[in-house]
Amino acid sequence: MKVLLPDGSDLSVAEGASAADVAESIGPRLAKAAVAAKVGGRVVDLNTPLREGEQVAIVTASSPEGLEVIRHSAAHVLAEAATNLYPGTKVAIGPAIKDGFYYDFEFPHPVGDDDLTRLNEEIHRLLGAALPFERREVSKEEALELFADEPYKLELIRDLPADAVISTYRQGEFVDLCRGPHVPHTGRIGAVGLLSVAGAYWRGKSDNTMLTRIYGTAFPSKKELDEYLERMEMAKQRDHRRLGRELDLFSFHDEGPGFPFFHPKGMRVINALLEYWRREHRAAGYEEIRTPLILERSLWERSGHWDNYKDNMYFTVIDDVDFAVKPMNCPGGTLVYKAGRHSYRDLPLRMAELGQVHRHEMSGVLHGLFRVRCFTQDDAHIFCLPEQVEDEVLGVIDLIRRMYNTFGFDRVHVELSTRPEKSIGSDEMWLTAENALKAALQRAELPYVLNPGDGAFYGPKIDFHIEDVMGRTWQCATCQLDFAMPERLDLDYVGKDDQRHRPVMLHRVVLGSIERFLGIIIEHYGGALPAWLAPVQIAVVPVADRHAPYAHEIKEALEGAGLRAEVDLRSESVSKKIRDGEVGKVPFMLVVGDREVEQRSVTLRMRGKRDTVSYALAEGLALLMTECEPPAVAQCP
RNA sequence: GCCGGUGUAGCUCAAUGGUAGAGCAGCUGAUUUGUAAUCAGCAGGUUAGGGGUUCAAGUCCCUUCACCGGCUCCA
């Protein structure tokens, strides 16, 4: 019979031949690298019998599909190792994930990091044994009997339809309920490494038992595995918690878990960031407001926060009245709106607020600046007429994209979330709102993913996910339409008809949380912030004490121009000062000695570069001013 | 909140149940240096807090707190 190859040619093979035979006849090297096959677009076991005229492609371990197959197979081997070493272990599920795989177990006793070594050794023994993976298809009854001792598998089987084709895979002594596909034998998996042990709820529900999850990864070769581990080590060096301490930007203390303390250098970065933020917002037609941190309970009851979020709020009692620390800025923002009367002519009204909010996050979720209990939202509320929504959303999208580009976040994933089951407002309102968001996205020529039913109860929203240099994604910006708040807090404007109408309220953040965004850019830049954000932009290094006056003169000239400069007067060698400047990620260093004093020049060294360039003083200062200039702000349309 | 792990000097780490130590950072002095670490000296600790076992606890047990890896959560 004949089968079709990916290049369009056909190949004659024996009746009942498998993809393994196809690989063999193409070449022994391919046969050795093969881990699975793609038949008619589906990835299947290599030994699946082929039918006449089928399209066949060999999947090797280095392809994305192949990687998934070896990782999923590695998960099975981990499960075999675990049941071998710890009899009585119950197995749950073990899928391949983005960077590897995991398997969830219920162990008869606690299993910790030390056990990873033992499990790793057992896995390597099993890989060396080249155990074949054998697929078997069984009925539901048979499956229930086969996994009688495995409560988690039984639960999965019971949820399958009665006539489902249930497959099992056996390698060595271990049989698992599994859809497949798998590699032909454990020798094809390549290199496996276990990474960490963690807890995870059965089926992801916090009411269920907590299982022990073991994370690992697999690569076609030891070399690729080692490279991966090295990348992880590099990422650890970029951890903003480490860099924040090393660069003296911020700290955390036992006296305030989850509450960051910003040091002078950290505040320099934040202030530079906020200056840029304010210029962008002014240019985009926003006014800035500020509202109190603590407001009366009644406001939170009217806004709906009391009922929905009081478990995450902080409270206090003043003169026998309950107050709450704000977890969001919007109720305060609406009070500013209500302080005046508004005509349709005044709208849209764009009110921005760098609002500090407090949320009592659960203790286990805190993580450096990424998840804190006190943070600053770069919030804004836009009050507008229904027919202005589309233009306003487009304006927000433009602002977000412009600001993200500044940080090199040019790969943005956008999600549009629509009406959830539990929601308020009329069908017509939702339809209009969703269409306005879609139209704005279309006009912005932004591709997006639809998340049906994932919107807030009060309105649909657009979320923006940015991707950093390490390929991780972060949800930062969001733009939400709100029908509820204007209603609940009785906002109005006077229309052309001299009647009172409800304005539409739009919530949006661009950076999300200033604290978290700082953490993201610290890791994104590996601590080497662009010059306009660097806490110290220029370090002036006098060669000897006698050059100090000239060094000071330069520093003062730079500071006079609004730059952040320091003179390193320590009695250390030039080399040492340069080293400290490099370690401290200072973008520019000026070494001044006899030559510079005499010629009234500066010798400039740029961060991370060995070569230096000499400039006349005025020329050097002008260059630094340009280099440290904050990003340009686009003009208001 | 849940599972597992870790808490020793500012940081990175040592110390069989038996006298708490090193490097870096800091301070003092010497040195006056030309592009990634000059030398010497000094100081630095209720071993996270509390309780227990023991002749003796940084080390073993209990507990509280914080942190780390995850899970759930993130309006």
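Reminder, nothing fancy here: chain letters follow the sequence lines and each chain counts from 1.
- Between the CE atom of A:M362 and the P atom of B:A75 there is a distance of 13 Å, rounded to whole Å.
- Ion pairing between A:K577 and A:E566 fails under the 4.0 Å rule for side-chain N and carboxylate O.
- Note: A:Y550 and A:H547 fail the aromatic proximity criterion, with ring centroids not under 6.0 Å apart.
- Rounded to whole Å, atom P of B:A36 lies 14 Å from atom NZ of A:K577.
- Comparing B:G45 with B:A36, their P atoms sit 36 Å apart, to the nearest whole Å.
- Separating the C1' atom of B:A9 from that of B:C13 is a span of 11 Å, rounded to the nearest Å.
- Across all strands, A:H367 comes closer than 4.0 Å only to sugar-phosphate atoms, never to a base (heavy-atom distances).
- If you take NZ of A:K205 and P of B:C73, they are 10 Å apart, rounded to a whole angstrom.
- If you check the side chains of A:H263 and A:S251, you find a donor sitting under 3.5 Å from an acceptor.
- To the nearest angstrom, C1' of B:A75 lies 9 Å from CG of A:N312.
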Worksheet item: side chain to side chain donor-acceptor pair (under 3.5 Å) between A:R213 and A:Y215: does it pass, once the steps are laid out?
Response: CA-CA 6 Å; A:R213 173 171 297 180; A:Y215 283 96; 3.3 Å; yes
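- For the C1' atom pair drawn from B:G21 and B:G58, the interatomic distance equals 12 Å after rounding to whole Å.
- Closest to the side chain of A:E582, from the set B:A36, B:A75, B:G70, is B:A36.
- At a cut-off of 3.5 angstrom, counting only N and O atoms as typed in the model, there is a donor on one side and an acceptor on the other between the side-chain of A:Y201 and the base of B:G1.
- A distance of about 44 Å separates the P atoms of B:C73 and B:U16, rounded to the whole Å.
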Discussion item. Could you spell out the base pairing of RNA chain B as a dot-bracket line? Use Watson-Crick and G-U wobble contacts where both distances are under 3.5 Å, [ ] for crossing pairs, | for partners on a different strand.
Written reply: (((((((..((((....[..)))).(((((.......))))).....(((((..]....))))))))))))....
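- Rounded to an integer number of Å, the gap from A:K576 NZ to B:U38 C1' is 10 Å.
- In this entry the distance linking NE2 of A:H253 with P of B:G7 reads 22 Å, nearest Å.
- A:D545 comes within contact range of at least one nucleobase, with a heavy-atom separation under 4.0 Å.
- Of the C1' atoms belonging to B:U47 and B:A22, the separation is 16 Å, rounded to the nearest Å.
- A:S571 contributes a side-chain N or O that forms a donor-acceptor pair with the base of B:U31 under 3.5 Å.
- Here the separation of B:A48 from B:A66, taken at their C1' atoms, is 8 Å to the nearest Å.
- Using cut-offs of 30° and 60° on the angle between ring planes, the pair A:H240 and A:F370 is tilted.
- In this structure, A:E596 reaches the bases: a heavy-atom distance under 4.0 Å links it to at least one base atom across the strands shown.
- Between the CZ atom of A:R241 and the P atom of B:A66 there is a distance of 16 Å, given to the nearest Å.
- Between A:F517 and A:F409, the two ring planes are perpendicular [angle over 60°; tilted spans 30° to 60°].
- For RNA chain B, the neighbouring residues in residues 369-377 of chain A, judged by any heavy atom under 4.0 Å, are A:R371.
- Of the C1' atoms belonging to B:A15 and B:C2, the separation is 35 Å, rounded to the nearest Å.
- Counting any heavy atom pair closer than 4.0 Å across all strands shown, A:E246 reaches no nucleic acid atom.
- Residue A:R610 places no side-chain atom within donor-acceptor reach of the base of B:A36, judged by atom type and a 3.5 Å distance cut-off alone.
- Rounded to an integer number of Å, the gap from CE of A:M328 to C1' of B:C74 is 11 Å.
- Residues A:M606 and A:F588 are in side-chain contact: their nearest non-hydrogen atoms beyond the backbone lie under 4.5 Å apart.
- Residue A:G204 is in sugar-phosphate contact alone, with no base atom involved, counting any heavy-atom pair closer than 4.0 Å across all strands shown.
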